[in-house]
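All chains are named by letter (A, B, ...) in the order of the sequence lines, taking the proteins before the strands, and each is independently numbered beginning at 1.
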Amino acid sequence: MARAYDVQAIERKWQERWAQQGTYQLDPDDPRPPWYVLCMYPYPSGPAHQGHVRNYTFGDLLVRYRTMQGYGVLSPFGFDSFGLPAENAAIKTGEHPRSFTDARIAELKASVLALGAVYDWRREIRSHDPRYMRWNQLIFLRFLEHGLAYRASAPVNWCPGCQTVLANEQVLADGTCERSGDLVVQRDLEQWFFRITAYADELLAELDHLEWPERVKTMQRNWIGRSEGAEIDLPVVGAADGAALRVFTTRPDTAFGMTFAVVAPEHPLLDRLTQPAQRAAVEEIRALAQRSSQLERTAAGDPASLEKRGAPTGSSVLNPFTGQPIPVYVADYVLMGYGTGAIMAVPAEDERDWAFAQAHGLPVVRTTKPPEGFEGGAWTGDGPKINSGFLDGLDVAAAKARAIEWLEAEGKGRRVVHYRLRDWLVSRQRYWGCPIPVVHCPTDGIVGVPEDQLPVLAPDDVEFRPTGESPLARHAGFRHTTCPRCGGPAERETDTMDTFVDSSWYFLRFCDPWAEDRPFDPALAARYMPVDNYIGGIEHAILHLLYARFFTKALVDVGLAPGVPREPFARLFTQGMIRMDGTKMSKSKGNLVAPQKYFETVGADALRLFHLFVGPPTDDVDWTEQTDEVIEHGCGGFLERVWRLCVEPEVASWREGDPEEHDRELLRGAHRLVAKVTEDIERWSFNTAVAACMQFSNDCARYLRTAPGGPHRATLDETLDRLLLVLAPMTPHVAAEAWERRHGPGADIHRMPWPSADPELVRQDTVTLVVQVNGKLRDRLAVPADADEDQVVALALGSPKVLAALDGQQPKRIVARPPRLVNLVVG
RNA sequence: GCCCGGAUGGCGGAAUGGUAGACGCGGGGGCCUCAAAAGCCUCUGCCCUUCGGGGCAUGCGGGUUCGAGUCCCGCUCCGGGCACCA
C-alpha cells in the first residue's frame, strides 16, 4: 500500500526522541502533582503478544494524557523474571535460566519500545536482579522477626508434574495444577508460610473503599470467606479425662437438632474415638481420603457415594443443649483444613448432613419450622424455632444470638469467626527463584542470614535435572554453611520463594528504585502511593492482588513503610482477554498473532488505535479474519486521512478575512470533540473517543471540499491542532510528526497542555426537536436551543406531518420536554 | 447448585427513560485508470411502496410509563467466578 507518510521512519524517530529527551522520566523532586500509572509487570516470555499490547496501549494513553494535563506521571516498567518456564527450559536445553531470561526480557522490551509506550526506564526492575532480591530477602527476615513468616509441617498440595508444592490458589477447582494440569496430591512437608490470615478482616473490610470492579471485589470476598458462628465443645461419652470434640457451626440455633457428629479423616481425635470393632472401616475412609485428589474429595456427593465415604467410629459425644448422646462418624466431606475439622450434623437444616443421614439411616429432628407445603429435605431458610427448648419461637437470627449467649454463659462454647483464607505457602523447591535467607543450625535452630550478608544468591554451577529435587538441595557448596550465630556447621535453606512474593511489593520499589540502604524510601513511596491506575488482566483478581494488598499492610506494620497508604491500588482496571476461535490467545495454544508484523507494516499507532477502537476496554476481543482489515483500512486508513488533512491538505484556494458561520460551526465541532474525548477518557470509553475523532475528521474533510470560497485558514488551523492534540495520547507518533510539520522543528505536541473546550462554543444554538404522536416519531424540526414549552408545542402543532398523523383528533395530553421532544397523546 | 456479567444489522460495536443502529469493517453503485490496486464520492437493519411515505424491529413472555434497548417480574441461551468451607 502506498502510504501518505513513512510509518516506520517516524515511529523510530519519535521513539528515539522520547528516550533521548527523557520526556517521561520523573525525578524525585519534580514539582508537578504526582500521578502513578502502572501496568502489571509481565513475566518475560519473549516478544510482546496482543494482550501486552492492549495493556500497554491503555496505560500509555493515560500516561500521556495525564502528562498533558500537568501531572508528574510515574510510569515505570519491570519484569517478573523469576519463574518456572526458565527453569524448565534449563532442564530441556541446559541453558542457564539467567541467560534464558535475559534474552526473553530483551525481546519483550524491544517490542514494548516498538509500541511507542513510554516509561521511566531508569526505574526498571527485574525480580532476579540481586539488587532487588536483597530487599526481597530483607523483607522476609522482617516478616520472620514479626511472626508473619513461619515454618510449619502441613499437608501440602504437591504437583507431580511441576515436582513442587503449590499454594492453594494455584490448585484449580477440579484439583489440577493451574500450570501443568496434573492432578495435585496431598503430602506432609515442612514449609514456609506468610501469615496473611492475620490480615483477613482488614483485607475484607477495606475492599468496600476501593474503586475496583465489583466482580473482583466479590471474588476476593469469596476467597477470604469470612463466616461467623460458634465453636461448641461436645464432651466425649466415657472419656475419663473430660475430653471434648470441638465443632464449628454457623448455625448454633440448630444445635437441638444435631443427631450425630462428623470428624474429618485427618482429625487428631479420630484414633481415640475409633472403637476396635470399627477400626477397619475407619482406616478405609482414612486411606481413601489420603489418596483422593481434591477433585474426588470435593465432587458433589450423591447419597450413595457418601455412604461409601463415611463410617461410624463407635464413640458418642453429648449434645450440650439436650444432654443426649449422639454417635460420631468419620467422613471425608468434612475437611480438616476448615473450622475445627469436626462438625455437629443437623440433617434437618443442612443439605450435606441430610444426604449423609439418608445414606446412613440417621434420625432427623427439625428445629426450624419450614414454610407451609415444603416437601424437600433440609430446610435452610428462616422460620420459627421448634423442638429447641429455650429457643422455641425465636427466628433464626435471634436464636443464633441466644444460643451463643447460652454457650458462653455455660462455658460450653463461644462466638467465633472463621475464614476460608489460609496462610500463604511461600516456599518452592525450585532453583529459579529468590532464596529464602535462613540457615538451619543444629543448636540455634532457624537463624536468619545477617542483613549485611544479603542477598543470598544461588550458585550458577548447578545441574538441572527433571527429578524434581531442587538443584539447590543437591549443591553441597551452597547447602553446607556455618551458623551466623554460633559459628558451627549448619545447613542453608534450599527452598526459594513463590514468585508472587516478588510481585507483591515491586510497585513500592518503583517509587525509589535507587535506594541502597533499604527497600525504598517511605517518604517517596508515600508520595506516589497508592497507584492511581493499576491495569492488568482479570486472571490476577485473587492471587496477585490479594498478596500485594497483604504485603503493603505488612510492610507498614513491620516498620519498612511508615506513612505509606495501607491499600496499594486505588483504582484497578481489568482489561478483556484476546480470544481466537473462542479460546484465549496464548503461546501454549499456538494461536498468537504477533504484534511485530503490524509494527513492520501499518505501524504501532494503527495497532494501538485498533485496540482502543475495537470495543469497551473491559470486553474480550475476538481476533477474526476481519481484524486485519480493521487494523489496516479502518485504523491505518484513518491515520493517513488525518495526515493528509493536517500536513498536506489539497486546497485550491484559502479564504482570508473574518470567519463565517460555517467556519464557526467547524470550530464549534472541534471544541465539542475536545469535550467528548476528555469525558470519554475519564470514563474509560476509549472506543467512543476514537469514533468521535473519526467522525470529526470526516467533518473536517467535508469542510475542506465544500466550504464556499475555500476553507478559512485560521479556523482550519485551530481546528486541526485540536484534533491532533486529542489524538496525541492515542496515536503518539503520527500526532507528534504531524504537529512538528505544522509548527516547525522543535515543536513537541507531547509537551503541549491538554486542550480545554470553551463551554460557549460547545453549546448548540439549534437543536433537533423530535415530535411524536402516541410515542411514535412523526417529524423532526430544527428549533432554537432555548425554545420554551409553548414554542415547541406551537411548532409541533404546525407541522404538516404531525397534523396528518393526528388525522383531525385533538391531543388529550401533550408531553413537552423542550427543546428536544414533544409527544402528542391522542385517543 | 449458588453468585455475578451479557444477548442490538452480515460483523465489532453506539445510544443521561426521549430520533435505535454513532463510528468502523464488510457489501452494492459511481469517479479516477488502458486496466487493476490505492484513493475519493455515495448507498447499505428487515418488509411493503403509487417513491410522498408506511409497517416491523434491540434473545423470549409479561408489566410500569405519555414514551422502554435502557426500569420491574418470569424465562431461554451464552460467558465468567465459586462450589461438601459446616
Given [options], which nucleotide is nearest the side-chain atoms of [X]?
X        : options             : value
A:Arg817 : B:G39, B:G54, B:G18 : B:G18
A:Val630 : B:G24, B:G12, B:C84 : B:G24
A:Leu821 : B:A86, B:G54, B:G18 : B:G18
A:Val815 : B:A15, B:G18, B:G26 : B:G18
A:His633 : B:A22, B:G39, B:G81 : B:G39
A:Phe248 : B:G53, B:A15, B:A86 : B:A86
A:Met694 : B:G18, B:G24, B:U42 : B:G24
A:Val334 : B:G53, B:A22, B:A86 : B:A86
A:Phe613 : B:G12, B:A15, B:C82 : B:G12
A:Thr250 : B:G80, B:A86, B:U42 : B:A86

In whole angstroms, how far is the [atom2] atom of [N] from the [atom1] atom of [X]?
X        : N     : atom1 : atom2 : value
A:Leu704 : B:C41 : CG    : C1'   : 15 Å
A:Ile343 : B:C84 : CD1   : C1'   : 9 Å
A:Glu351 : B:G1  : CD    : C1'   : 9 Å
A:Glu629 : B:C11 : CD    : P     : 17 Å
A:Gln220 : B:G81 : CD    : P     : 15 Å
A:Glu625 : B:C25 : CD    : P     : 17 Å
A:Gln695 : B:G13 : CD    : C1'   : 14 Å
A:Arg215 : B:G6  : CZ    : P     : 10 Å

- Item | Residues A:Glu539 and A:His544: side-chain donor-acceptor under 3.5 angstrom | no

- Message: Side chains of A:Thr367 and A:Glu349: any donor to acceptor distance under 3.5 Å?
- Response: yes

Within the structure, does a side-chain N or O atom of [X] lie under 4.0 Å from either OP1 or OP2 of [N]?
X        : N     : value
A:Arg579 : B:G79 : no
A:Arg221 : B:C82 : no
A:Arg705 : B:C41 : yes
A:Thr624 : B:C11 : no
A:Lys776 : B:C56 : yes
A:Arg644 : B:C40 : yes
A:Arg641 : B:G39 : no

- Could you say whether A:Met219 or A:Glu214 is positioned toward the 5' end of RNA chain B, judged by the nucleotide with the nearest heavy atom to each? A:Glu214

- Query: 5'-most contact on RNA chain B: A:Met344 or A:Arg420, nearest heavy atom basis?
  - Reply: A:Arg420

Euclidean distance for [atom1], [N] against [M] (whole angstrom):
N     : M     : atom1 : value
B:G69 : B:C4  : P     : 25 Å
B:C23 : B:A83 : C1'   : 43 Å
B:U76 : B:G61 : P     : 15 Å
B:A20 : B:G30 : P     : 33 Å
B:G63 : B:A68 : P     : 12 Å
B:A86 : B:C73 : C1'   : 34 Å
B:A14 : B:G21 : C1'   : 7 Å
B:U49 : B:C60 : C1'   : 31 Å

My understanding is that a pair needs two contacts under 3.5 Å, Watson-Crick or G-U wobble. By that rule, which nucleotide pairs with [N]?
N     : result
B:C25 : B:G10
B:C2  : B:G81
B:C32 : none
B:G18 : B:C66

On a plain distance test, is the side chain of [X] in donor-acceptor contact with the base of [N] below 3.5 Å?
X        : N     : answer
A:Gln626 : B:C11 : yes
A:Arg820 : B:G18 : no
A:Asn222 : B:C82 : no

- Ring centroid separation A:Phe610 to A:Tyr598 under 6.0 Å: no

- Check: A:Phe686 ring centroid to A:Phe613 ring centroid under 6.0 Å: no

Base, sugar-phosphate, or nothing: which does [X] touch, judged by heavy atoms less than 4.0 Å apart?
X        : result
A:Asp353 : nothing
A:Gly634 : sugar-phosphate
A:Arg683 : sugar-phosphate

- Task: Would you classify B:G74 as syn or anti? Syn applies when the glycosidic angle is within 90° of 0.
- Result: anti

- Answer syn or anti for B:G62, where the cut-off is 90° from 0 on the glycosidic torsion. anti

- Intermediate values then yes/no, side chain to side chain donor-acceptor pair (under 3.5 Å), A:Tyr333 and A:Asp353: CA-CA 10 Å; A:Tyr333 82 93; A:Asp353 297 347; 2.9 Å; yes

- Query: Is a side-chain donor or acceptor of A:Arg672 paired with a backbone partner of A:Val762 at a separation under 3.5 angstrom?
  - Reply: yes

- Item | Axial cation check for A:Trp223 ring with A:Arg420, 6.0 Å and 45° limits | yes

- Using a cut-off of 6.0 Å, state whether more than 12 heavy atoms not belonging to A:Glu650 lie near its atom CD. no

- Query: A:Tyr547 vs A:Trp424 aromatic rings, parallel, tilted or perpendicular, using cut-offs 30° and 60°?
  - Reply: parallel

- Message: Going by salt bridge (charged side-chain N to carboxylate O under 4.0 Å, His left out), name the pairs with one or both residues in residues 684-693 of chain A, residues two or more places apart or in two chains.
- Response: none

